[in-house]
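Order of the sequence lines fixes the chain letters, A, B, ..., with proteins taken first and strands second; residue numbering starts at 1 for each chain.
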Number of protein chains: 2
Amino acid sequence: MPSMPAASTNPLRSSDMPASQQAHDLRMTLWELLTQHALRPGERLPSERQLMEYLNTTRITLREALSQLEAEGRIYRESRRGWFLSPPRLRYDLLAGLPFHEMVESQRRHATTELLEASETAASTTVARRLGMAEGTPVYRIVRARSIDGRRVLYVEHHLRVDCFPDILAFDLAACSLTELYRREYAIRVSRVSFELGSTVLGHQAAAALYAAPGSPVQRITRINHDQNGRMVDCDDEYWRHDAIELTLSAAPQS
Amino acid sequence: MPSMPAASTNPLRSSDMPASQQAHDLRMTLWELLTQHALRPGERLPSERQLMEYLNTTRITLREALSQLEAEGRIYRESRRGWFLSPPRLRYDLLAGLPFHEMVESQRRHATTELLEASETAASTTVARRLGMAEGTPVYRIVRARSIDGRRVLYVEHHLRVDCFPDILAFDLAACSLTELYRREYAIRVSRVSFELGSTVLGHQAAAALYAAPGSPVQRITRINHDQNGRMVDCDDEYWRHDAIELTLSAAPQS
DNA sequence: CATGCAAACTGAACTAGACCAAAAAACCAT
DNA sequence: ATGGTTTTTTGGTCTAGTTCAGTTTGCATG
């Protein structure tokens with residue numbers, strides 16, 4: 001970053017300012033510094049050591065402020081790679097039933113998908129419960145990482161009933177939407193979805209896939225798909241970088 | 001906490017352990033320490049200085065580990081008051097249309113509500129857009145804090161159309177559900193809801209109401225209620241302590 | 001017995017460094 | 001140019017403290 005102004009005196013330690021506000025102010029000052037320099041979404045921030053100099057503070061304090069901005073969703077980090085300005089959130093309508101690529105493209109962004117794993121395994125307790133089967137029953141396991149404008153934002157683990165989708169692993173699972181495949185190749189329509197949403201932190205595998213630090217906060221979306229006969233045919237666990245999406249949903253309440 | 005074992009040697013600095021794993025292990029060790037001593041939900045953890053002694057580490061490192069457990073939702077903190085073990089999450093079915101108190105009681109927990117503000121103000125840009133009115137139009141503003149088992153978990157700001165609910169401020173807004181009031185006193189049924197979900201951090205007012213540190217991560221739920229004629233009658237912004245809820249939802253997708 | 005005040009405790013925030021490993025950049029040889 | 005190697009930069013993690021202000025608590029007073 002060129003011509004960042006050097007802080008001659010520390011603007012954060014003026015004596016007429018209550019200490020309890022300094023963290024807040026450092027965050028604000030940092031944010032102003034970033035917006036002033038008109039970083040574009042996805043662009044890298046100056047290194048922590050540089051920022052620390054500019055703002056005349058220490059690394060730990062600086063990192064606290066950065067973490068704040070991260071929690072707000074204004075910036076994000078890639079593990080050992082630095083801090084970046086967050087692009088605008090993708091609006092994700094839970095009930096629209098749009099495949100990922102179409103949803104992203106409809107918002108004039110670019111979507112890509114990578115297949116990380118495609119195998120047949122035994123259903124874990126959790127998966128078995130969700131799909132209404134006995135623990136250990138064979139299931140297809142499909143793990144993918146999805147990007148928007150080149151940024152990894154989503155890590156998904158799918159688990160499908162083998163009896164519903166025989167030999168589905170033979171298809172190109174990176175290019176095509178699963179629900180699309182279900183309909184076209186297996187005549188299975190998703191006619192009901194159940195969601196479970198919560199925020200947690202990334203495990204090791206998911207963190208690696210998203211180039212994120214293990215322990216980064218994420219939005220978890222667990223989804224169970226039912227076919228036209230009400231049978232549970234597959235479930236998936238989606239882990240979204242929390243700053244990458246804004247969930248929407250519109251429906252009639254049951255009562 | 002009685003009889004916490006003193007750490008004679010540091011279990012976290014054994015030489016055969018890669019440094020990149022120590023953070024993870026400290027978190028695990030800390031968590032084991034807590035579960036071993038069978039803290040009950042809502043119970044206070046030992047002070048940071050004590051834990052730092054037990055685990056033979058420094059305040060900063062310890063706080064990093066505590067923050068991790070906080071992000072996972074296992075523990076939470078109240079500002080300047082200490083760390084506490086998180087109670088189980090409340091299951092919140094977005095489309096069930098259950099009033100807060102009923103939802104909580106149905107899960108065998110105890111709910112309370114405090115009224116923080118009830119006034120008539122001018123609609124902000126955001127509120128006006130949501131309710132389909134001009135900026136500056138008068139609206140009722142109702143701010144409440146809601147607790148489960150004595151713990152403040154939810155801060156809500158409601159904005160209602162004045163023309164839909166004349167003189168609603170005269171009712172006891174802490175005791176009664178708003179949707180209940182709508183139906184009983186104004187013959188307005190909520191027949192459609194739109195949600196917007198995202199994670200952010202607490203502002204000052206919300207943080208104070210939840211006894212949380214400003215900047216704590218929260219789950220935001222914005223809700224717009226439509227009446228039987230499709231008219232938008234009110235909206236609210238809910239800020240939930242992120243470890244306090246698990247959102248669920250089941251519906252037919254639109255496609 | 002309740003009330004109010006002062007002391008002790010505790011979390012919040014900060015200082016000033018250090019070391020390591022992964023990533024990025026520079027460099028060199030083919 | 002190109003591919004591989006070395007150097008530098010940088011984030012991740014840690015040590016060892018300090019200061020300050022809000023909470024809690026216990027003691028003394030009315």
Side-chain angles (χ1 to χ4, degrees), chain A residues 1 7 10-30 44-68 70 75-84 201-202 204 207-208 211-216, chain B residues 1 10-30 44-70 75-84 201-202 204 207-208 211-216:
Chain A
M1 177 178 296
N10 187 339
L12 304 172
R13 294 306 301 267
S14 57
S15 52
D16 58 341
M17 181 189 301
S20 63
Q21 286 244 323
Q22 293 188 3
H24 178 258
D25 284 342
L26 175 56
R27 200 187 68 206
M28 294 301 283
T29 309
L30 176 55
R44 195 165 159 278
L45 272 59
S47 79
E48 293 182 358
R49 282 170 240 260
Q50 282 177 61
L51 286 173
M52 164 188 126
E53 287 260 314
Y54 295 140
L55 296 169
N56 218 36
T57 181
T58 59
R59 206 96 172 275
I60 296 222
T61 307
L62 193 251
R63 278 171 67 83
E64 204 107 336
L66 287 168
S67 296
Q68 279 284 321
E70 182 189 33
I75 63 176
Y76 67 98
R77 69 176 128 175
E78 294 192 359
S79 187
R80 298 198 159 271
R81 217 159 307 185
W83 298 86
F84 302 83
V201 295
L202 286 174
H204 279 94
Y211 306 134
S216 304
Chain B
M1 179 180 292
N10 188 339
L12 305 172
R13 293 307 302 268
S14 56
S15 53
D16 57 341
M17 181 187 304
S20 63
Q21 287 244 325
Q22 293 186 5
H24 179 257
D25 284 343
L26 175 57
R27 199 187 70 207
M28 293 301 284
T29 309
L30 176 55
R44 195 166 157 279
L45 272 59
S47 79
E48 293 181 358
R49 282 167 241 259
Q50 283 177 60
L51 286 173
M52 164 189 124
E53 285 262 311
Y54 295 140
L55 296 168
N56 219 36
T57 182
T58 60
R59 272 300 273 306
I60 297 218
T61 307
L62 193 248
R63 277 169 69 85
E64 204 108 335
L66 287 168
S67 296
Q68 279 283 321
L69 292 177
E70 182 189 33
I75 62 175
Y76 66 98
R77 67 177 129 175
E78 295 192 359
S79 188
R80 297 192 166 276
R81 217 160 306 187
W83 297 86
F84 303 83
V201 296
L202 286 173
H204 279 94
Y211 306 133
S216 305

Who pairs with [X] by side-chain hydrogen bond (donor to acceptor under 3.5 Å, both in side chains), at least two apart in sequence or on another chain?
X	answer
S67(A)	none
S79(A)	none
E64(A)	none
R59(A)	E48(A)

Taking [atom1] from [X] and [atom2] from [N], how many angstroms apart are they, rounded to a whole number?
X	N	atom1	atom2	answer
L62(B)	dT15(D)	CG	C1'	14 Å
L55(A)	dA13(C)	CG	C1'	16 Å
M52(B)	dT10(C)	CE	C1'	12 Å
E70(B)	dG11(C)	CD	P	13 Å
L66(A)	dT13(D)	CG	P	14 Å

Listed by chain and number, what are the side chain to side chain contact (heavy atoms under 4.5 Å, CB included) partners of S216(A), not counting sequence neighbours? L202(A), A212(A), A213(A)
For T57(A) and dT15(C), is the shortest distance between a side-chain N/O and OP1 or OP2 below 4.0 Å? yes
Ignoring backbone atoms, establish whether T58(A) has a side-chain N or O less than 4.0 Å from OP1 or OP2 of dG17(C). no
Give me the distances for all protein-to-nucleotides 9-11 of chain D N/O pairs that come in under 3.5 Å?
residue, atom, partner, partner atom, Å
dG11(D), OP1, E48(A), N, 3.4
dG11(D), OP2, E48(A), N, 2.9
dG11(D), O3', R80(A), N, 3.4
dG11(D), N7, R49(A), NH2, 2.4
dG11(D), N7, R59(A), NH2, 3.2
dG11(D), O6, R49(A), NH2, 2.8
dG11(D), N2, R80(A), NH1, 3.1
dG11(D), N2, R80(A), NH2, 3.4
dG11(D), N3, R80(A), NH1, 3.3

Check: L45(B) and L66(B) side chains under 4.5 Å, non-hydrogen atoms: yes
Here's a test of your reading of the structure: between I60(B) and E64(B), which maps to the more 5' nucleotide of DNA chain D? E64(B)
